[in-house]
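One structure below.
In what follows, chains are A, B, ... by sequence order, proteins preceding strands, each numbered from 1.
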Protein chains: 2
Amino acid sequence: MSKQANRVDLARTSIVGCWSPLVGEPLDESQAVELARVFKAMGDPVRLRLLSLIASHSGGEACVCDLTDVFELTGPTISHHLKVLREAGLVTGERRGTWVYYRVLPESLGRLSDVLTPAAVTELSIPAPAQAVVGA
Amino acid sequence: MSKQANRVDLARTSIVGCWSPLVGEPLDESQAVELARVFKAMGDPVRLRLLSLIASHSGGEACVCDLTDVFELTGPTISHHLKVLREAGLVTGERRGTWVYYRVLPESLGRLSDVLTPAAVTELSIPAPAQAVVGA
DNA sequence: ACTCTGGATCGATGGACATCGATCCAAACA
DNA sequence: TGTTTGGATCGATGTCCATCGATCCAGAGT
């Protein structure tokens with residue numbers, strides 16, 4: 001039983017939590033570790049572009065096949081980056097038939113944005129970008 | 001002339017640029033590289049706490065001596081992290097007499113927050129937290 | 001069942017990075 | 001001019017990570 005391991009579920013595997021704004025009071029160790037994990041996920045140009053491609057794609061989701069040809073990188077590498085984004089709670093992936101579709105988790109970016117905002121403009125956040133229900 | 005190099009100026013040494021929201025349209029290579037550098041700077045728990053400590057410190061600035069004892073880390077390490085934050089355009093440092101004071105660059109966090117916001121709520125951004133003019 | 005194709009996982013590798021001790025510089029004070 | 005102290009730089013080291021080729025798994029078609 002060394003190979004043939006885990007049945008991937010492509011859903012997120014992470015982290016949620018509620019963060020207080022960075023500027024209000026010094027954040028403690030555990031908050032920092034959690035938050036840093038998310039920022040680290042965004043601290044790579046390829047992952048940022050992937051995130052942006054997914055977020056700005058029509059229908060709110062993008063197929064991995066579309067994402068792959070944008071870069072001069074191999075499949076495994078793209079797959080790795082998508083996994084990092086998934087584990088950071090930024091995106092989620094779903095297989096439908098032959099292809100796998102990724103979408104940005106609706107609240108993730110808004111919550112991050114709030115953390116960086118001193119006052120907390122918390123109501124506007126994300127205006128729900130249509131969400132494209134595809135299943136069935 | 002191998003040692004005795006550069007006269008540090010502790011001001012920022014970076015990056016500025018104007019980013020478009022992540023969600024609107026896929027960001028291009030150079031935008032991604034630039035933005036990723038900032039997020040990478042925030043992708044470390046220690047640096048995030050440093051940033052938060054500086055931002056939330058009374059007067060809008062914090063002395064390095066205050067920052068150092070918060071962590072179980074040596075001076076060089078803290079100094080290194082502060083340099084990374086500086087080069088990312090997030091903070092700036094100024095020596096006054098014996099001590100060095102860091103403060104968060106006023107627009108930096110607000111701009112980041114905007115990047116993560118789909119619509120662009122761009123007016124509120126940072127309500128200028130007093131700024132504590134200390135010199136003289 | 002065999003094949004094909006889209007993607008994920010595994011294992012290896014080269015480069016980046018966090019951390020440290022040693023050193024150096026700058027201001028303050030003797 | 002020495003001495004002291006706050007911080008930055010240098011150089012070394014161990015770890016993490018981005019990328020790859022090889023392999024494996026899942027659906028779709030034959």
Side-chain angles (χ1 to χ4, degrees), chain A residues 1-13 32-33 36-37 39-50 54 61-88 91-102, chain B residues 1-13 32-33 36-37 39-50 54 61-88 91-102:
Chain A
M1 192 190 302
S2 54
K3 295 306 187 59
Q4 177 263 135
N6 24 18
R7 215 56 17 246
V8 201
D9 81 354
L10 297 183
R12 79 165 169 292
T13 327
V33 169
R37 189 145 31 197
F39 283 128
K40 191 187 298 181
M42 296 201 292
D44 180 280
V46 174
R47 285 197 290 268
L48 262 189
R49 292 181 69 193
L50 282 171
I54 296 169
E61 62 180 9
C63 172
V64 174
C65 54
D66 296 330
L67 302 174
T68 304
D69 357 320
V70 175
F71 304 90
E72 311 243 337
L73 294 171
T74 65
T77 300
I78 298 297
S79 204
H80 161 69
H81 285 306
L82 288 172
K83 182 179 185 181
V84 173
L85 289 174
R86 248 161 44 216
E87 289 176 343
V91 304
T92 183
E94 178 195 1
R95 151 165 256 141
R96 287 199 305 279
T98 305
W99 291 285
V100 175
Y101 298 88
Y102 278 82
Chain B
M1 193 189 302
S2 54
K3 295 304 188 59
Q4 178 262 134
N6 25 18
R7 216 58 16 249
V8 200
D9 80 354
L10 296 184
R12 82 167 167 292
T13 326
V33 169
R37 188 146 30 198
F39 283 127
K40 191 186 299 182
M42 296 200 292
D44 181 280
V46 174
R47 284 197 291 266
L48 261 189
R49 292 181 68 193
L50 283 171
I54 296 170
E61 63 180 9
C63 171
V64 174
C65 54
D66 296 330
L67 302 174
T68 305
D69 358 320
V70 176
F71 305 90
E72 310 244 336
L73 294 170
T74 64
T77 300
I78 298 297
S79 203
H80 160 69
H81 285 305
L82 288 172
K83 182 180 186 180
V84 173
L85 290 174
R86 248 160 45 216
E87 289 177 343
V91 305
T92 183
E94 178 194 1
R95 152 164 255 141
R96 284 199 305 278
T98 305
W99 291 286
V100 174
Y101 298 90
Y102 278 82

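Contact between the side-chain N/O atoms of A:Lys40 and the OP1/OP2 oxygens of D:dC17 is found at a separation under 4.0 Å. Taking 4.0 angstrom as the limit, A:Tyr102 places a side-chain polar atom (N or O) nearer than this to OP1 or OP2 of C:dA8. When the side-chain nitrogen and oxygen atoms of B:Arg47 are compared with OP1 and OP2 of C:dA18, one or more of them lie within a distance under 4.0 Å. Remark: A:Lys83 is not in phosphate contact with C:dG7, judged by side-chain N or O atoms under 4.0 Å from OP1 or OP2.
Rounding to whole angstrom units, CG of residue B:Leu82 and C1' of D:dG7 are separated by 10 Å. Atom CD of B:Glu94 is separated from atom C1' of D:dG6 by 16 Å (rounded to the nearest Å). One atom, CG of A:Asp66, and another, C1' of C:dG7, lie 14 Å apart when rounded to the nearest Å. B:Arg96 places its CZ atom 15 Å from the C1' atom of D:dG7, with the value rounded to the nearest Å. Distance A:Leu67 CG to C:dA8 C1': 14 Å, rounded to the nearest Å. Rounding to whole angstrom units, CD1 of residue B:Ile78 and C1' of C:dA18 are separated by 11 Å. Between the C1' atom of D:dC17 and the CZ atom of A:Phe39 lies a distance of 20 Å, rounded to the nearest Å. B:Arg95 places its CZ atom 15 Å from the P atom of D:dT5, with the value rounded to the nearest Å.
Between A:Arg37 and A:Ala88, the shortest heavy-atom contact is O-CB, 4.4 Å. Closest approach of A:Asp44 to B:Ala36, counting heavy atoms only: C-CB, 3.6 Å. Shortest non-hydrogen contact noted between B:Ala62 and B:Ile54 is CB-CA, 4.2 Å.
Taking NE2 from B:His81 and CG from B:Leu48, the interatomic distance works out to 11.0 Å, rounded to the nearest 0.5 Å. Atom CE of B:Met42 sits about 7.0 Å away from atom CE of A:Met42, to the nearest 0.5 Å. In this structure, B:Thr68 OG1 and B:Leu82 CG are separated by 7.5 Å, a value rounded to the nearest 0.5 Å.
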- Note on the structure: Under the rule of Watson-Crick or G-U wobble with both distances under 3.5 Å, where | means paired to another strand and [ ] a crossing pair, DNA chain C maps to ||||||||||||||||||||||||||||||
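Considering only residues two or more places apart in sequence or on other chains, A:Arg47 meets the salt bridge (Lys or Arg N to Asp or Glu O under 4.0 Å) condition with none of them. B:Cys63 meets the side-chain contact (heavy atoms from CB on, under 4.5 Å) test with B:Cys65, B:Asp66, B:Trp99, B:Tyr101; sequence neighbours excluded.
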Show the atom names and distances, to 0.1 Å, of all donor-acceptor pairs under 3.5 Å that link a side chain in residues 70-77 of chain A to residues at least two apart or in another chain.
| residue | atom | partner | partner atom | Å |
| --- | --- | --- | --- | --- |
| A:Thr74 | OG1 | A:Thr77 | OG1 | 3.3 |

What's touching nucleotides 1-5 of chain C from the protein side, N or O pairs under 3.5 Å?
none

Please tabulate, one pair per line, each protein N/O and nucleotide N/O from nucleotides 19-22 of chain C that are separated by under 3.5 Å, including the distance.
| residue | atom | partner | partner atom | Å |
| --- | --- | --- | --- | --- |
| C:dT19 | OP2 | B:His81 | NE2 | 2.4 |
| C:dC20 | OP2 | B:Thr74 | N | 3.0 |
| C:dC20 | OP2 | B:Thr74 | OG1 | 3.2 |
| C:dC20 | OP2 | B:Thr77 | OG1 | 2.9 |

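Comparing C:dA8, C:dG6, D:dG7 against the side chain of A:Ser79 picks out C:dA8 as the nearest.
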